[in-house]
Each structure stands twice: as C-alpha cells, then as structure tokens.
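Computed from heavy atoms alone, side chains included, the values below leave out hydrogens, waters and symmetry copies. Below, read A as the first sequence line, B as the second, and so on, with proteins coming before strands; counting in each chain starts at 1.
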Amino acid sequence: MRRGAVFYVLEVLTVERIWTTELADHVGERVLLKGWLHRLRQLSHVTFLVLRDAQGTAQIVIDDTQLAAQLAALQAESLLSIQGEVVAEPQAPGGVEIHQPQIEVLVAVQEPPPLELFRPTLKAQLPTILDHAPVALRHLRQRAIFQLSSAAMNGFRDTLRARKFVEIQTPKIVGAATEGGANVFRIDYFDRSAYLSQSPQLYKQIMVGVFERVFEVGPAFRAEPHDTPRHINEFVSLDAEIGFIRDHFEVMALLAEVLRGVFATMQQEAETALAQLKVQLPMLPETVPTLHFSEALELVARETGADVTQAVDLSGADERVLGTWALREHNSDFVFVWGYPTQQRAFYTHPDPERPFYSRGFDLIFRGLELVSGAQRLHRYEEYLTALAVRGMPTESFVGYLEAFRHGMPPHGGFAIGLERLLARLIEAPNIRETTLFPRDLTRLTP
RNA sequence: GGGGAUGUGGUGUAGAGGCCUAACAUGCAACCCUGUCAAGGUUGAGAUCGCGGGUUCGAAUCCCGUCAUCCCCGCCA
C-alpha cells in the first residue's frame, strides 16, 4: 500500500516529456515539452513562442503579459521546460498549440545567435555557416541533412547485415600507406612515424579471409592538398568487401542493391528530412547503364566531339557528360564504368583476364560525380608479388597483408562509397562541405 | 601543385577616385499593434570598408604585398 502511494506521488511530480511533433495525440491533456527558444513573436496582448526540440517545433501561446515580458528578455536558443495544455486550434501552425504555459528557464542565453535560425533557409555564405557550425547545424534544414546521413548509414548497415555481412572496425593509425602514395598524413607514433589510414582497403580484404563478407563505416584521411568543392581531407567511407565472387559484375550488382537499401531507408526513416530538403530520390533502374572504359571514351568523343580515345582516365568533365547521357538515354542518375586501365588503378586491382591492359575495376558515377570506386581484387599470393614489383613497391610494407594471401584467399571484391558525396549529389549541394558536419580541409581544422 | 575571382556593421548585399560623417535588408534594443506563423509599424545602437604599404590634393574604390574565402584544372570518395 505504501509503495502504491509513493508511486502516485512520483507520477504527479514527473509528467513525462513528449516531443513537439506528438502534440496532436495529446489534445486536452497537460504535457511537458523541453527544448530551445526558436522564436518569440510579441503582439500587444498575445505572445507566440516557438519551441524547437530534436523532432520539430511547437507554438506556445502566452496571454500573461508579465510572463511575456520575462521571456522577451531571453535571447534565442535559451533552453526552456514548458508545461501547458494542448489545444486544437485551426489558426495554429500544425493545428495544435500550447495554452496556459508554465515556463521554466533552464539556460538563459545572453547573446543573439550569429545566424538567423528561425528563417526557412539559412541566409549566410558557406564559410560563415562552417565557422559557426555549432549553432548553424541547429537550423532545421541543416540538421535535416545529417538526419539523412544517419539514415544512409543505417540503410547501408541493414542491407549488408541482411546478406550476412559482418561489421568491422579497422585501425586508423597504420604503419604504411595503403596505395603507397604520397598523399597520407604522417603522425608521431611514440618514436616512429605512422600514418592516418587513407582507406580500410587492406584490412577489409584480410577480413574476407575470416568472415567472407565484411563492411565498415568509418573515416578515411587523404592529405591531398586540393581545394575543390568535392574534396575534403577526412571523409566517411562506406566500405564493403565480399568473397567467393565470379567477377566484378557481382560486386556491382551488390553495390546497386546496397544503394537501393540506402534510399529505401532514407524514405522510411527520414521522410521529414527529405521533404524539408525537397529531395527527389534518384533514378536507380533495375539495370544500371554500364559501360566499358573504352566505350565510355567513345561515348564522350561522340557527345562532345573531343578526341579522348587515347585517354587513360576519365576527367571530371567526361564524368559529367556520362551522367547526362545516362539520364537522357536510360532515365538513370547512375552509370557504371568498368575496365579502367590496370596501370591507373591500385596494385590490388584484378586485371581483365581477356584483355589485361584493362582492369576489373569500376567506378559508379552519380549525377556526373564519381561516387564509388570498386573492383575485383587479386587473390593469389604470386599475383601480389608481381603487382607490387611492377609498381616498384616494397613487399616489406605489406607483410601482414601478404600473409593472408599466402594462406589462401577466395576471389573477392568490394567497393567504397563516399558518404558526404552521396549526400551532396542527393541534395544537389554545390559543395561537399555542406554535407559534412565539421569539414576538414586545407585550411579548416576548427570547429 | 597550376590558373582565375572576391574580401564593406552579427548576417546578406549596394557603393567602383571627391556626392561616404559609408547605404539597404535582416538581426539586436526601446516603444506601438488581440493571432502571429520569414508578423507589421516608429525610433535607436551597431562598420576605423580583411591586414600592411604605396599612388593621389583626396582611396571602401587605383597599384603592390600579405592573409582569408570561393571557383576551374590535375587527382580522388
């Protein structure tokens, strides 16, 4: 009995907090909301307070002039805890609002925010937004981008897990550069030098020898000193690798499935964010248009009249031409190009057995931008020794990696999706920094 | 790594040798307005025009340097 009494008292004292988006389900009840002071609109005898929480916003109506005066002294983004009655009101945004509020100020902010968060779009230049990221990210549109990002990572994980892939985390401090290139960050590691991982490539291949199918969601670091709208020096790589494949086409089919899963999850989990950003989910047909590298060159030559048939790689402009072509001719936002010259690709790329000049490496171009790189990899120890020797790379840097191949690895392949690039093309942001929480580039190391 | 452009109140812009003691919008402050929803109205505060040097009687404006930012190419996710 005494227990029951205690419970009762607690229930009265602690009204459960609800989200601003749940008001419609609580009409006639007294509820508790918590969040940020988004906007205050004062009229002569009534004041409207817009409260923002992680899910959305709600309007609170204040008739009490004394309370209104107290609130007017607060700056935007002050933290509030509000209890009040939920009333259905056709004039209210969303049809419901809070009346007769009791307001507790949790944090009284002293200065106005550097950006106007209450406006439908953030009216500031990208550098200003990035400089003030801790505040700018609170804008409904900005945060919608990263709700999409979260859904994308979920979709990637769910699709692969459903196919028996195992999620792994590989080291980001590594002893040797993955591709042997110069564009790696060197760090002090006790008395030695080490590097920040450019890619989980070598480790995920090793792990194919354990789990056959692995994936990783993690950062990749590139020390390339380029300042472009599509590069950052730290990005999130959505990596997958699968064993016992016949050829790279199986990897490409898997990639298309994964992207379908990513978009489906976005639709499910981030519908509001998609609507807020006015995103059109991309056209990803059952059969994604697929070109061999040499066909891609011919197509570019035909489309533009430029003589590129001797080229060994596709330029950014070429990729845009292919993107336009795929949309026009195949109603697809995606186009695969495979068979890039073996010399152009990383040492672990499997050559095309028919024409070894070309490889079984592919790129997936999304709306004219290289979004994914992938390939069938070499899987025989001897092939690795030859590939490294041809490129003049020392085997000593790859001892652990090569051990996996000495002890038997299946034919395998995989890919890496750039998360920020995926989002940037999806929302048609002109700069990748717009879809990066806290971008790291040539000059930006904070915030 | 190569090339091009731009830096003006908190934010977004205008001004392109003297009209600038720097304009407009928005934010901020004060007041007014019974329902706003990017509210509206009146008044006010807020910028040594990125920084350093030069040309000129006179520089936000022209020149040089420097720093920052943005764009294109190369390379990549």
Side-chain angles (χ1 to χ4, degrees), chain A residues 38-50 57-63 65 68-69 72-76 87 89-95 97 99 110-132 135-136 139-140 178-179 181-183 198-201 218-239 312-320 340 344-346 363-366 369-374 415-425 430-433 435-436 441-444:
Chain A
H38 192 60
R39 183 66 174 157
L40 198 66
R41 279 188 283 271
Q42 288 199 283
L43 282 73
S44 66
H45 290 104
V46 64
T47 293
F48 298 98
L49 186 161
V50 181
T57 58
Q59 172 162 289
I60 289 93
V61 182
I62 297 144
D63 295 316
T65 47
L74 296 174
Q75 292 291 347
V87 176
E89 170 58 70
Q91 297 176 85
E97 60 189 12
H99 285 191
Q110 299 302 315
E111 59 179 313
L115 302 160
E116 287 154 33
L117 296 178
F118 63 92
R119 296 199 182 278
T121 52
L122 209 42
K123 208 180 165 193
Q125 295 200 335
L126 185 57
T128 311
I129 292 174
L130 297 179
D131 286 344
H132 296 287
V135 178
H139 189 276
L140 296 176
T178 313
E179 330 272 325
N183 46 3
Q198 290 174 288
S199 150
Q201 182 61 33
F221 305 90
R222 304 274 165 96
E224 291 148 359
H226 39 210
D227 192 0
T228 82
R230 58 193 182 283
H231 291 95
I232 39 180
N233 295 297
E234 176 178 354
F235 66 95
V236 176
S237 186
L238 305 176
D239 267 274
V312 291
D313 202 359
L314 294 174
S315 71
D318 297 342
E319 288 172 352
R320 285 191 287 275
Y340 286 84
Q344 290 298 311
R345 303 293 275 203
D363 281 356
L364 180 65
I365 296 165
F366 175 26
L369 179 69
E370 190 177 324
L371 173 69
V372 186
S373 263
F415 55 82
I417 307 172
L419 175 63
E420 295 87 349
R421 279 194 178 184
L422 173 66
L423 291 166
R425 287 295 76 224
N431 194 309
I432 193 172
R433 289 162 182 79
T435 54
T436 309
D441 62 28
L442 268 181
T443 51
R444 196 173 290 278

Looking at A:F118, is A:R39 sitting on its ring face, NZ or CZ under 6.0 Å from the six-membered ring centre and within 45 degrees of the normal? yes
Identity of whatever pairs with [N] - Watson-Crick or G-U, under 3.5 angstrom:
N	result
B:U6	B:A68
B:A38	none
B:C75	none
B:A47	none
B:C20	none

Tell me which nucleotide among [options] gets nearest to the side chain of [X].
X	options	value
A:S44	B:C33, B:U36, B:C76	B:C33
A:T228	B:C73, B:G35, B:A29	B:C73
A:R222	B:G74, B:G10, B:A77	B:A77
A:T128	B:G35, B:U11, B:A77	B:U11
A:E370	B:C76, B:C73, B:C70	B:C76
A:F48	B:C28, B:A77, B:G35	B:G35
A:Q59	B:U36, B:C70, B:G27	B:U36

On a heavy-atom basis, the closest approach of A:H139 and A:L117 is CD2-O, 3.1 Å
5'-most by nearest nucleotide on RNA chain B - A:R320 or A:Q344: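 Final value for this comparison: A:R320.
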Heavy-atom side-chain proximity of A:L364 to A:F415 below 4.5 angstrom:
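Of all side-chain heavy-atom pairs linking A:F415 with A:L364, none is under 4.5 Å.
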Original post:
Within the modelled atom types, does a donor on one side and an acceptor on the other bring the side chain of A:R421 and the base of B:C76 under 3.5 Å apart?
Top reply: yes
- prompt: Between B:C71 and A:N431, is there an OP1 or OP2 to side-chain N/O distance shorter than 4.0 Å?
  reply: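 Yes.
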Rounding to an integer number of Å, can you tell me how far [X] [atom1] sits from [N] [atom2]?
X	N	atom1	atom2	value
A:I432	B:C71	CD1	P	12 Å
A:D313	B:C75	CG	P	6 Å
A:L43	B:G41	CG	P	13 Å
A:L442	B:C75	CG	C1'	13 Å

Is it true that A:R345 and A:D363 make a salt bridge, defined as a side-chain N closer than 4.0 Å to a carboxylate O?
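The answer is yes: the pair qualifies as a salt bridge.
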Please tell me whether A:T128 and A:D131 have a donor and an acceptor in their side chains that are separated by less than 3.5 angstrom.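 Not at all, the side chains of A:T128 and A:D131 share no donor-acceptor pair under 3.5 Å.
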Ring centroids of A:F235 and B:A77 base under 5.5 Å with planes under 30° =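 So A:F235 counts as stacking on the base.
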Between B:C49 and B:A22, how far apart are the C1' atoms? Round to whole Å, please.
8 Å
>> In whole Å, measure the gap between the P atoms of B:U26 and B:A38 for me.
In response: 15 Å
